[in-house]
Amino acid sequence: LHGGRGTLLGLYEGIPLPARSGGYSGVVPDVITIFKRPHEWMARDLESLRRDVHQTVWHEVAHYFGLGHGQIRALEKE
């Protein structure tokens with residue numbers, strides 16, 4: 001998820017679940033990184049920090065399940 005002006009808040013690294021084949025094995029584990037400093041810089045208060053971190057984690061987990069940015073935005077609007 002990117003914050004204002006292209007700030008990277010989180011990153012999913014791995015092979016999304018739907019892209020894995022039957023022979024999927026012997027690979028390094030997927031990694032989700034949540035970047036602390038950008039969240040702290042953007043937060044107005046503790047509640048907004050909690051909300052933003054929750055949103056970032058949801059966004060990165062959605063990538064693990066194979067959702068693209070457009071799909072994630074559509075689900076967030078529901």
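Note that the structure is a prediction, hence the values are computed from the model and not measured. Count residues from 1 along the sequence.
- Taking each heavy atom of H63 and P16 in turn, the nearest pair found is O-CB, 3.7 Å.
- Between H54 and R51, every side-chain heavy-atom pair lies at or beyond the 4.5 Å cut-off.
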What side-chain donor-acceptor pairs closer than 3.5 Å can you find for residues 28-35, not counting sequence neighbours?
from	atom 1	to	atom 2	distance (Å)
D30	OD1	R20	NH2	2.3
D30	OD2	Y12	OH	2.5
D30	OD2	I15	N	3.1
D30	OD2	R20	NH2	3.1

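- For R37, the salt bridge (charged side-chain N to carboxylate O under 4.0 Å, His left out) partners at least two apart in sequence or on another chain are E40.
- Between L46 and L49 the shortest side-chain heavy-atom distance falls below 4.5 Å.
- The cluster map of Ile, Leu, Val, Met, Phe, Trp and Tyr, joined by side-chain heavy atoms under 4.5 Å apart, puts L8 and V53 in different clusters.
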side-chain contact (heavy atoms from CB on, under 4.5 Å) assessment of L9 paired with E60 | CA-CA 10 Å; L9 300 175; E60 301 311 327; over 6 Å; no
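- Distance check, rounded to the nearest 0.5 Å: CD of E76 to NE2 of H59 gives 7.5 Å.
- Remark: A74 pairs with no residue by the side-chain contact (heavy atoms from CB on, under 4.5 Å) rule, at least two apart or across chains.
- Both Y64 and V57 are part of a single hydrophobic cluster, where members link through side-chain heavy atoms under 4.5 Å apart.
- Residues passing the side-chain contact (heavy atoms from CB on, under 4.5 Å) test with L75, sequence neighbours excluded: W58, L67, E78.
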